[in-house]
Each structure stands twice: as structure tokens, then as C-alpha cells.
2 protein chains.
Amino acid sequence: MKWDTLDEEQCSLSRTVAAVGDRWTLLILRECFLRVRRFEAFQSSLQITRHLLSERLKKLVRFGILRRVPYSEAPKRYEYILTQKGLDLYPVIMAMVHWGDTHMGDERGRPLLHEHKSCGKLFDPVMVCSECGEPLHAKQVHVHAGPGRKEAVG
Amino acid sequence: MKWDTLDEEQCSLSRTVAAVGDRWTLLILRECFLRVRRFEAFQSSLQITRHLLSERLKKLVRFGILRRVPYSEAPKRYEYILTQKGLDLYPVIMAMVHWGDTHMGDERGRPLLHEHKSCGKLFDPVMVCSECGEPLHAKQVHVHAGPGRKEAVG
DNA sequence: GATCTAAGTCTGAAAAAGGAACTGACTTGA
DNA sequence: TCAAGTCAGTTCCTTTTTCAGACTTAGATC
């Protein structure tokens, strides 16, 4: 598979994977949701090599997930801010964090707790059906070919 | 970062990323949710090299996400079935598919449609707060250190 | 004018991925 | 019964990525 043209793939997951489906990219996005915005801050909190960080940030900008915004004119300095497209990745990150909490946790308990400002409570993310509001389980979902494809990919 | 001991990391996302945070693994899991179970079937639908497929399947079994189950005694043949831990990755995959549908789609429309058997309707997955049931948005979530960690990682 | 900070770039070595042929145990069909 | 096919891998070699760390640029601070 040619990962550089994966965004032309027929399958939605492949396209998502092309954009954010590697280790560093996912960790960088986590930092973004924790309000990290600057090159040095990403680098020191992730211990990623500067070379790769630079590559990944460029890629995220190219995909429209981050915006590169100047915060100082002289010297020219930029920070990286999530676009709406980037903010919409929140369910992806939260789903992964929650799975990690549930299945890869250790005896110390979870590293972070999430509070929902709207209701004031500590919560877990739950994925539900947009139509009936019930929690989703793989076995209750049936897949149909959509207009974009005949084969079962998805 | 040493990816082979990432499951010992303090952060839940890192641990999830250690298990499923690479391109092929995510695509393999998609196939699993589409009821693919056998080596040859994964290989031909993904066009992954046999070598890598073999590696990734072993890793998923090691993490307890898939189970390697014999379906023929002579010759010995195995298939790979999602465990409960694996099934619990459904929200991760669905979140990625939905983001791809929304932000990386093309003019042809989405490749797959999902029907919720419980309510009979075509749906989108929505991530909500377990406490109040409202859809989650990054900006309405505040993060606290949990028992497992002091620093803000997540 | 030496040192510091931020945001990168460059380079050479190590690790991972890709491509394709090979193996082994059985089945099928002529 | 013998050749060809199937399935689940393994082996070998090449190409691509990643890693670790030094270097660069431009202005700011001591």
C-alpha cells in the first residue's frame, strides 16, 4: 500500500489512517488537546526527535488538522493550533484513552480524569447511536455498501 | 521513546498506541470488525506483505486483542477472532471511520453505511458523556491528574 | 560580544517495512 | 499416484523510516 496517496483510498478508515494513523501523530494530537502549541513544548514533553516532529507537524498542517499561526514577528515564531477538523478528532483520541484506561491500566489507577464542564461530573466517553442514543456494540451493527463503493470496506 | 515497552508508559494513550497505534494494525482491526478471520483473507484484502501480517497478528494475540483459534486439525489451521478486549476497540475504529467520512470524503459519498440492528436505522457514531449523555467537545472537558500520575498526560 | 531561546535543518547509523520466493502439511483432480 | 492447489506462515534481501545528536538562524538578554 502506498501510504502517501492513502487519502485517495476508497475506504474512510484508510483515509483517516493516512492522516493520523501513526504513533507520533496520535501522541502529538493528545498534546494538542492538552493545550500544547509550540515546537519546543511538543518536543520536550514527547521526547520525539526534532526532525520527526517537524515532519509530523508539517503533515498535520497539510491535512488541515493544525494551523500554523505566528505569535511573534521578530523573530518569526509560530504555534500550532487545532482547526475544526482537528478538534473533530477528539472522539478518536478519547476512545483510545478510554480503551487504554480500561484494558491497559495498571494498579495505580488512571493517569488522568476527565471532567465535563457542562455537567460538572467526572465521566467516561461512551459511543452511542445518533438515532436511538443507545451505546454501540460491534455485533449490533450491520454494514451496507454506500454510494462511494461497492465492496465491503470501511 | 521505546515502543516495545510503551505498555509500561504512564499515559493511557501511549499504552493504546503501543498496542494498536500503527497503520497496518488499525486496518487489520477494521477487517476483523468486518468478520475477516483468516490469514489469506487479511492478506488479500489488505495487500499487506505476509511477513508484516504475521508479525502484526502475533502482536495482537500477545496483547489479548485477538485469539488464535484452530478451525482445522489436519492440516493445523488457525483463525483470528476478536476477544472482548478487541471488541472494545470498536469505538476507536468507528470514531476514525466517522472522521474519515466527515473530513476526508470525496464526491462519491461514503463507502459504507452502518445500520443499528437495535433501532433499524442508518446512524453515525456519537461520543457522549457517560454522566449527562450530552455530546462531548474538547473545549467542554477539563483534565485532572488521576491516581496513576501527577503530570498532565493523558 | 558571549550566551540564551525558539524553531527548525542536516547527517550518518539503526530499525522497520516492502517484495518476492520458499516451506510444509494436507487436498483435490486427472 | 502424481501434479497442482490451498493455507499459514518463514526467509532473504532491498528500500524507506526513524533515531540521536550536532548545526543553523535570528533576535533577546546579560
Side-chain angles (χ1 to χ4, degrees), chain A residues 1-7 9 14 17-29 31-32 35-63 66-82, chain B residues 1-7 9 14 17-29 31-32 35-63 66-82:
Chain A
M1 193 168 288
K2 15 174 192 44
W3 298 107
D4 45 342
T5 56
L6 204 49
D7 49 323
E9 285 277 321
S14 300
V17 161
V20 303
D22 75 280
R23 304 177 148 182
W24 284 123
T25 300
L26 290 165
L27 295 176
I28 288 168
L29 286 169
E31 296 299 304
C32 293
R35 276 77 173 173
V36 170
R37 308 173 153 210
R38 299 189 181 172
F39 193 93
E40 295 294 321
F42 287 113
Q43 203 279 320
S44 75
S45 77
L46 293 173
Q47 297 293 77
I48 182 177
T49 64
R50 311 176 72 75
H51 181 66
L52 264 204
L53 176 57
S54 172
E55 294 276 302
R56 290 293 185 272
L57 289 173
K58 273 182 205 157
K59 193 174 130 185
L60 287 166
V61 168
R62 205 162 59 239
F63 275 115
L66 297 179
R67 222 163 353 116
R68 186 161 173 270
V69 181
Y71 70 90
S72 147
E73 278 307 317
K76 273 269 184 191
R77 293 284 156 74
Y78 298 90
E79 55 189 11
Y80 296 87
I81 315 254
L82 286 163
Chain B
M1 192 168 289
K2 17 178 188 43
W3 298 109
D4 46 341
T5 57
L6 204 50
D7 49 322
E9 284 279 319
S14 300
V17 161
V20 303
D22 76 280
R23 301 171 153 194
W24 283 123
T25 300
L26 290 164
L27 294 175
I28 288 169
L29 286 168
E31 296 300 303
C32 293
R35 275 77 176 173
V36 170
R37 308 174 153 207
R38 298 188 183 174
F39 192 93
E40 295 294 322
F42 287 113
Q43 204 279 319
S44 74
S45 76
L46 292 174
Q47 298 292 78
I48 181 176
T49 64
R50 310 176 73 75
H51 180 63
L52 265 203
L53 175 58
S54 172
E55 295 273 304
R56 290 293 185 275
L57 289 172
K58 273 181 204 156
K59 192 173 129 185
L60 287 167
V61 169
R62 205 161 60 239
F63 275 115
L66 296 178
R67 222 165 353 118
R68 186 163 173 268
V69 181
Y71 70 90
S72 146
E73 279 306 317
K76 274 269 184 191
R77 293 284 157 75
Y78 299 90
E79 54 188 10
Y80 296 87
I81 316 252
L82 286 164

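Order of the sequence lines fixes the chain letters, A, B, ..., with proteins taken first and strands second; residue numbering starts at 1 for each chain.
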Between [X] ([atom1]) and [N] ([atom2]), how many Å, whole number?
| X | N | atom1 | atom2 | result |
| --- | --- | --- | --- | --- |
| R37(B) | dA8(D) | CZ | C1' | 17 Å |
| E40(B) | dA25(C) | CD | P | 17 Å |
| L57(B) | dC7(D) | CG | P | 16 Å |
| Q43(A) | dC19(D) | CD | C1' | 12 Å |
| L52(B) | dG9(D) | CG | P | 15 Å |
| L53(B) | dG19(C) | CG | P | 14 Å |
| F42(A) | dG8(C) | CZ | C1' | 14 Å |
| E79(B) | dG9(D) | CD | C1' | 16 Å |

Test D22(A) against every option in V20(A), L26(A), T25(A) by the side chain to side chain contact (heavy atoms under 4.5 Å, CB included) rule and name the one that passes.
-> T25(A)
Consider the side chain of W3(B), meaning its heavy atoms from C-beta on, and name the nucleotide among dG9(D), dC19(D), dA7(C) that approaches it most closely.
-> dC19(D)
Closest of dG8(C), dG9(D), dA8(D) to the Y71(B) side chain is dA8(D)
Using the test salt bridge (charged side-chain N to carboxylate O under 4.0 Å, His left out), find all partners of K58(A) that sit at least two apart in sequence or belong to another chain.
-> none
N/O contacts under 3.5 Å, protein versus nucleotides 20-30 of chain D?
residue	atom	partner	partner atom	Å
dG27(D)	O3'	A74(A)	O	3.4

So does [X] get a side-chain nitrogen or oxygen closer than 4.0 Å to the phosphate oxygens (OP1/OP2) of [N]?
| X | N | result |
| --- | --- | --- |
| W24(B) | dG18(C) | yes |
| K58(B) | dA8(D) | no |
| R38(A) | dG8(C) | no |
| R23(B) | dA17(C) | no |

For the student: nearest non-hydrogen atoms of [X] and [Y], plus distance:
| X | Y | answer |
| --- | --- | --- |
| L52(A) | W24(A) | CD1-CD1, 3.4 Å |
| K59(B) | A19(B) | CE-O, 3.7 Å |
| P70(A) | E73(A) | CB-OE2, 4.1 Å |
| L53(B) | F39(B) | CD2-O, 3.4 Å |

So, is the end of the R38(A) side chain (NZ or CZ) under 6.0 Å from the ring centre of Y71(A) and within 45° of the ring's axis?
-> yes
Does the side chain of R37(B) pick up a donor-acceptor pair with the side chain of Y80(B) at under 3.5 Å?
-> no
Is a side-chain N or O of Q43(B) found less than 3.5 angstrom from the main chain of I48(B), in a donor-acceptor match?
-> yes
Which ranges of DNA chain D pair up as stems, where a stem means three or more consecutive Watson-Crick or G-U pairs with both distances under 3.5 Å?
-> C:1-30 with D:1-30
Could you check L82(B) against L29(B) for side chain to side chain contact (heavy atoms under 4.5 Å, CB included), going step by step and ending with a plain yes or no?
-> CA-CA 9 Å; L82(B) 286 164; L29(B) 286 168; 4.0 Å; yes
Could you pick out which residue, F39(B) or I48(A), lies toward the 5' side of DNA chain D when each is mapped onto its nearest nucleotide?
-> F39(B)
Report which part of the nucleic acid Y80(A) touches: base, sugar-phosphate, or nothing (heavy-atom distance under 4.0 Å, all strands).
-> sugar-phosphate
